Amino acid sequence: MLRIGLIRERKTQPDDRVPFTPKQCAYIHTKYPSVKIVIEPSPNRSFTDQEYLAEGIEVTDDLGHCNILMGIKEVPVAYLIPGKTYFFFSHTKKQQSHNKALMHALIEKRIRMIDYECLTYSDEQRILGFGLFAGIVGAHNGLLTYGRKFGLYNLPPAHTLKNYKELLAAYEHLKLPNIKIVMTGSGKVAAGVLDIFTQLDIESVEPADFLTHEYEYPVYTHLTGADLYARKDNDLFFRDDFHANPEAYKCLFSKYVNQADVLMNGIYWEEGIARLFEQEDIKRHDWRLNVIADISCDVNGSVPINIGSTTIADPVYGIDRATLQRTSPYQQTKNVIDIMAVDTLPNELPRDAAEYFGLHLGKYILPELLKAESEILARATICENGKLAKQYEYLAEYAYRS
């Protein structure tokens with residue numbers, strides 16, 4: 001019997017999402033008689049304990065008999081059970097300093113850490129994530145911010161709505177002004193952003209046209225790959241080379257800052273990849289961007305005026321173009337750029353996001369757990385039995401106490 005425990009989220013500002021919804025748990029019990037899921041009670045989930053009980057799912061404080069423990073965010077060190085297999089977003093693979101103590105504990109407690117972010121196919125394509133709803137909520141928040149900043153229209157915050165259906169209902173009578181939006185990134189985040197654009201009849205235009213035309217209706221252009229980056233030595237773009245040698249590439253985004261009103265940023269970024277622009281660039285006399293929805297939310301990353309992530313309750317701050325200092329948002333002036341930098345975007349629509357995530361977790365990962373061996377799980381195992389997995393040995397100085 002494979003016993004899976006869905007743990008209570010205990011990180012400060014607890015997350016509302018869950019790995020599996022109540023109905024998904026019930027379906028798994030029917031499809032896989034050798035799998036039993038139990039729930040640790042929690043007052044914070046978007047799905048209540050009673051909803052799980054109504055589907056016949058056991059709710060218990062005792063998870064000691066579980067083989068596997070699944071959560072969403074990092075587990076506080078004091079609550080890690082030694083010797084177990086855990087699934088959650090550990091945020092350790094980039095040697096994040098704030099999780100160094102967690103990494104030490106995972107090693108010392110001989111835990112097998114399988115990180116959702118590291119569950120990939122052999123070509124490194126990710127299998128799981130909340131990117132779709134990050135894109136949906138990020139696009140919504142960006143448009144909400146623009147409307148509020150200039151007093152043009154009102155949208156309700158996503159977290160005040162029951163679900164995605166209610167979000168779409170808020171668009172029924174909204175007619176956007178003729179704003180120009182530039183979006184970056186690909187994958188699920190981009191799919192979420194594009195979904196909102198479709199719902200709001202924001203028209204797609206080619207990058208070249210975006211740079212040379214004004215429109216009587218709202219438009220967007222989508223920048224990826226060769227639209228955003230080129231080699232410094234020959235102005236060409238080769239995807240594999242870019243991923244292997246990002247420092248050899250320059251960013252081409254600067255020509256859009258005087259043409260776009262809103263940036264929806266969804267690109268993957270890490271050290272070595274050129275930023276979209278530099279801080280001093282916002283002082284340009286021809287700077288036009290008024291709102292940046294930094295959906296990727298890498299602080300001081302691809303958007304260098306993202307000087308700190310924000311919360312669902314307080315999602316936006318301003319950056320004064322003259323002083324580069326943080327200031328109050330929603331000022332009706334182009335001298336302040338409003339930054340939306342919520343780093344928990346899917347948690348604004350937690351039930352929908354959890355349903356989407358659990359569907360894919362059950363479809364693609366649960367069967368791997370029932371195999372004697374799984375390459376997918378092996379690739380995502382950061383540590384096991386007190387040691388880093390071979391592919392994560394680059395974390396040695398970060399993971400082991402000196």
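Please read all numbers here as calculations on a predicted model, not as lab measurements.
- At distances below 3.5 Å, at least one donor-acceptor pair connects side-chain atoms of Q391 with backbone N or O atoms of R379.
- Crowding of N154 atom CG: a count of heavy atoms from other residues, nucleotides or ligands under 6.0 Å not exceeding 12.
- Taking the centre and axis of the six-membered ring of Y86, the NZ or CZ atom of R112 falls outside the cone set by 45° and 6.0 Å.
- Counting only heavy atoms from C-beta outward, the side chains of E348 and T160 never approach each other to under 4.5 Å.
- Between D16 and S46, the side chains place no donor N or O within less than 3.5 Å of an acceptor N or O (distance only, hydrogens not considered).
- In this structure, CG on L106 lies 9.5 Å from CG on D115, to the nearest 0.5 angstrom.
- Taking the charged nitrogens against the carboxylate oxygens, E108 and R401 do have a contact shorter than 4.0 Å, which makes a salt bridge.
- With a 4.5 Å cut-off on side-chain heavy atoms, L2 and I68 count as touching.
- In H173, the NE2 atom is not crowded: 12 or fewer heavy atoms of neighbouring residues, nucleotides or ligands sit closer than 6.0 Å.
- Counting only N and O atoms by type, the side chains of Y268 and H243 include no donor and acceptor under 3.5 Å apart.
- Of the options R45, R8, R10, a side-chain hydrogen bond (donor to acceptor under 3.5 Å, both in side chains) to E40 is made by R10 and by none of the others.
- Not one N or O on the side chain of E247 forms a donor-acceptor pair closer than 3.5 Å with the backbone of A274.
- The environment of CZ in R288 is crowded: more than 12 heavy-atom neighbours from other residues, nucleotides or ligands sit within 6.0 Å.
- The two residues M183 and F197 make their nearest non-hydrogen contact at SD-CE1, 3.7 Å.
- Scanning both residues, L161 and L167, for their nearest heavy atoms gives CD1-CA, 3.5 Å.
- Ion pairing between K250 and D235 holds under the 4.0 Å rule for side-chain N and carboxylate O.
- Relative ring orientation between W287 and F277 is described as perpendicular, the plane-to-plane angle rising above 60° on a 0-90° scale split at 30° and 60°.
- Qualifying ring-ring contact (aromatic ring centres under 6.0 Å, His included) partners for Y317, counting only residues two or more places apart in sequence or in other chains: none.
- A 6.0 Å sphere centred on NZ of K93 holds more than 12 heavy atoms belonging to other residues, nucleotides or ligands.
- Residues Y217 and I202 form no side-chain contact, since every pair of their non-hydrogen atoms from C-beta on lies 4.5 Å or further apart.
- Among all heavy-atom pairs drawn from I382 and S90, the shortest one is CD1-OG, 3.8 Å.
- Of all non-hydrogen atoms in I127 and Y121, the two that sit nearest each other are CG1-CE1, 3.5 Å.
- Within 6.0 Å of the OH atom in Y79, the count of heavy atoms belonging to other residues, nucleotides or ligands does not exceed 12.
- Residues E9 and N44 have side chains that never bring a donor and an acceptor to within less than 3.5 angstrom of each other.
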Can D241 and R231 be said to form a salt bridge (Lys or Arg N to Asp or Glu O under 4.0 Å), step by step?
-> CA-CA 9 Å; D241 180 53; R231 282 192 62 93; 2.7 Å; yes

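- When ring centroids are compared, F242 and F238 stay outside the 6.0 Å threshold.
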Evaluate the criterion side chain to side chain contact (heavy atoms under 4.5 Å, CB included) for residue pair L395 and Q95; output intermediate values, then yes/no.
-> CA-CA 7 Å; L395 294 172; Q95 305 183 57; 3.2 Å; yes

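- The nearest pair of heavy atoms linking Y215 to N178 is O-ND2, 2.9 Å.
- Contact of the T85 side chain with the N67 side chain is not registered, since no non-hydrogen atoms from C-beta on lie closer than 4.5 Å.
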Would you please test R17 and K73 for side chain to side chain contact (heavy atoms under 4.5 Å, CB included) and show each step?
-> CA-CA 9 Å; R17 293 169 292 174; K73 290 295 187 71; 3.6 Å; yes

Checking salt bridge (Lys or Arg N to Asp or Glu O under 4.0 Å) for the pair E270/K94: CA distance, chi angles, key distance, verdict?
-> CA-CA 9 Å; E270 61 182 27; K94 294 182 183 179; 5.2 Å; no

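- No donor-acceptor distance shorter than 3.5 angstrom exists from the side chain of N335 to the backbone of D320, with no hydrogens or angles considered.
- The backbone N or O of D209 sits less than 3.5 Å from a side-chain atom of H213, completing a donor-acceptor pair.
- Side chain of R321 to backbone of R284: a donor-acceptor contact under 3.5 angstrom is found.
- Between I305 and I339 the shortest side-chain heavy-atom distance falls below 4.5 Å.
- Below 30°, between 30° and 60°, or above 60°: for F237 and Y249 the angle between ring planes is above 60°, a perpendicular geometry.
- Remark: E55 CD to I37 CD1 distance equals 12.0 Å, nearest 0.5 Å.
- Taken to the nearest 0.5 Å, the CG atom of L345 stands 10.0 Å off from the OG atom of S296.
- Distance alone, capped at 3.5 Å, is enough to place a donor-acceptor pair between the E166 side chain and the K162 backbone.
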Before giving the answer on salt bridge (Lys or Arg N to Asp or Glu O under 4.0 Å), spell out for K180 and E214 the whole-Å C-alpha distance, their side-chain angles and the decisive distance to 0.1 Å.
-> CA-CA 8 Å; K180 294 176 74 177; E214 295 295 328; 3.5 Å; yes

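- The shortest heavy-atom contact between D61 and P41 is OD1-CG, 3.2 Å.
- Atom-to-atom distance recorded for I114:CD1 and T381:OG1 is 4.0 Å, nearest 0.5 angstrom.
- In this structure, NZ on K109 lies 10.5 Å from CG on L102, to the nearest 0.5 angstrom.
- A donor-acceptor pair under 3.5 Å is formed between the side chain of T30 and the backbone N or O of A26.
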Name the atoms and distances for all side-chain donor-acceptor pairs under 3.5 Å in residues 352-370, with sequence neighbours left out.
from, atom 1, to, atom 2, distance (Å)
D352, OD1, Y164, N, 3.1
H360, ND1, Y356, O, 2.8
E368, OE1, K371, NZ, 3.4
E368, OE1, S374, OG, 2.6
E368, OE2, K371, NZ, 3.0

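- Sparse packing is recorded around CZ of R148, with 12 or fewer heavy atoms of other residues, nucleotides or ligands lying under 6.0 Å away.
- Side chains of Y400 and K387 form a contact here, defined as non-hydrogen atoms less than 4.5 Å apart.
- Side chain of T92 to main chain of M103: no donor-acceptor pair is present (N/O by atom type, distance under 3.5 Å, no hydrogens or angles).
- A 4.5 Å side-chain heavy-atom check between V38 and L6 finds every atom pair outside the cut-off.
- To the nearest 0.5 Å, atom CG of residue D15 and atom CG of residue N347 are 4.0 Å apart.
- For Y52, the ring-ring contact (aromatic ring centres under 6.0 Å, His included) test picks out no residue, with sequence neighbours left out.
- In this structure, the side chains of T184 and T224 stay at 4.5 Å or more apart for every pair of heavy atoms.
- Using a distance-only test at 3.5 Å, with no hydrogens or angles considered, a donor-acceptor pair links the side chain of R275 to the main chain of N300.
- Few gaps surround CD on E393; more than 12 heavy atoms of other groups in view lie less than 6.0 Å from it.
- Within 6.0 Å of the OH atom in Y153, the count of heavy atoms belonging to other residues, nucleotides or ligands exceeds 12.
- Judged by distance alone, with hydrogens and angles left aside, the side-chain atoms of K149 form a donor-acceptor pair with the main-chain N or O of V336 at under 3.5 Å.
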